[in-house]
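Below is one structure; the comments refer to it alone.
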Amino acid sequence: MGFKLRVLELVRLVPRGKVTTYKELARAVGKPLAWRAVARALAQNPHPVEIPCHRVVRSDGGVGGYSLGVGRKIRLLRAEGVVVERGRIDLGKLFFRFDVSSSVSGDNRSSRGPASGRRRLSPALS
DNA sequence: AAAATGACTGGTA
DNA sequence: TTACCAGCCATTT
């Protein structure tokens with residue numbers, strides 16, 4: 001099975017109303033530094049809406065790209081309840097983390113703490 | 001075989 | 001805060 005297929009399989013596990021990142025996905029497949037390749041794999045997604053690749057966003061909270069157009073991606077996300085404002089998503093609340101314990105070869109190691117750490121949403125709002 | 005590519009990332013300016 | 005830049009890696013030239 002190729003890298004591409006593993007990525008697509010994982011993306012199917014992201015629940016509605018939540019999002020994950022290219023980076024997180026890369027780690028989930030066992031290649032923490034391959035986010036670029038992950039993005040490429042998603043771009044090759046043969047079935048855009050069926051396989052929820054629109055639930056994969058940037059680590060900085062940005063929406064990221066989409067083969068059918070970013071506008072379409074945002075629309076899909078909102079339809080699932082994801083709040084997208086000023087082109088940003090609050091990963092602090094909607095970030096979905098893969099359960100590493102149930103996959104891939106043994107090289108997992110602690111990599112990261114809980115839900116804190118990423119986030120980059122502007123505090124200044126109004 | 002070697003170089004370029006891209007739905008990215010994190011650090012610096 | 002936004003802008004730019006080097007680094008990353010499976011795939012494609």
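Below, chain A is the first sequence line, B the second, and so on; all start at residue 1. This structure is a prediction, so every number in the text was calculated from the model and none was measured.
- How far CD1 of A/Ile89 is from NZ of A/Lys18: 12.5 Å, rounded to the nearest 0.5 Å.
- Between the side chain of A/Arg36 and the base of B/dC8, at least one donor-acceptor pair of N or O atoms lies under 3.5 Å.
- For B/dG10, one of the phosphate oxygens OP1 or OP2 lies less than 4.0 angstrom from a side-chain nitrogen or oxygen of A/Lys23.
- Across all strands, A/Ala43 comes closer than 4.0 Å to base atoms (heavy-atom distances).
- Residue A/Leu91 contributes atom CG, which lies 13 Å from atom C1' of B/dT9 at whole-angstrom precision.
- Atom CZ of A/Arg27 and atom C1' of B/dG10 are 16 Å apart (whole Å).
- Contact annotation: side chain of A/Tyr66 to base of B/dA7, donor-acceptor pair absent below 3.5 Å.
- Between A/Tyr22 atom OH and C/dG7 atom P the separation is 23 Å, expressed in whole Å.
- Per the geometry, NZ belonging to A/Lys31 stands 13 Å off C1' belonging to C/dT11, to the nearest Å.
- Between the CZ atom of A/Arg58 and the C1' atom of B/dA7 there is a distance of 8 Å, given to the nearest Å.
- Here A/Ser59 does not reach the OP1 or OP2 of B/dC8: none of its side-chain N or O atoms lies under 4.0 Å away.
- Partners of A/Arg58 by side chain to side chain donor-acceptor pair (under 3.5 Å), not counting sequence neighbours: none found.
- Looking at A/Arg75, A/Lys73, A/Glu80 one by one, the single match for side chain to side chain donor-acceptor pair (under 3.5 Å) with A/His54 turns out to be A/Glu80.
- When distances run from any side-chain atom of A/Arg88 to the nucleotides C/dT2, B/dA7, C/dA10, the shortest one goes to C/dT2.
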Requested in this report: Let me see the working for A/Glu9 and A/Arg6 under salt bridge (charged side-chain N to carboxylate O under 4.0 Å, His left out), right down to the final yes or no.
Outcome: CA-CA 5 Å; A/Glu9 286 297 312; A/Arg6 284 209 303 283; over 6 Å; no
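- The residue among A/Trp35 and A/Lys4 whose nearest nucleotide of DNA chain C lies closer to the 5′ end is A/Trp35.
- A/Leu33 comes within 4.0 angstrom of sugar-phosphate atoms only, judged by non-hydrogen atoms across all strands, and of no base.
- Rounding to whole angstrom units, CG of residue A/Asp60 and P of C/dA3 are separated by 13 Å.
- Atom C1' of nucleotide B/dT9 and atom CG of A/Leu25 are separated by 15 Å, given to the nearest angstrom.
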Requested in this report: Could you give me the CA-CA distance, side-chain angles and deciding distance for A/Glu85 and A/Arg88, then say whether salt bridge (charged side-chain N to carboxylate O under 4.0 Å, His left out) is met?
Outcome: CA-CA 5 Å; A/Glu85 234 168 31; A/Arg88 299 292 168 61; over 6 Å; no
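- In this entry the distance linking CZ of A/Arg6 with C1' of C/dT11 reads 15 Å, nearest Å.
- Minimum atom distance to the side chain of A/Arg40 is reached by C/dT11, of the listed C/dT11, B/dA7, C/dG7.
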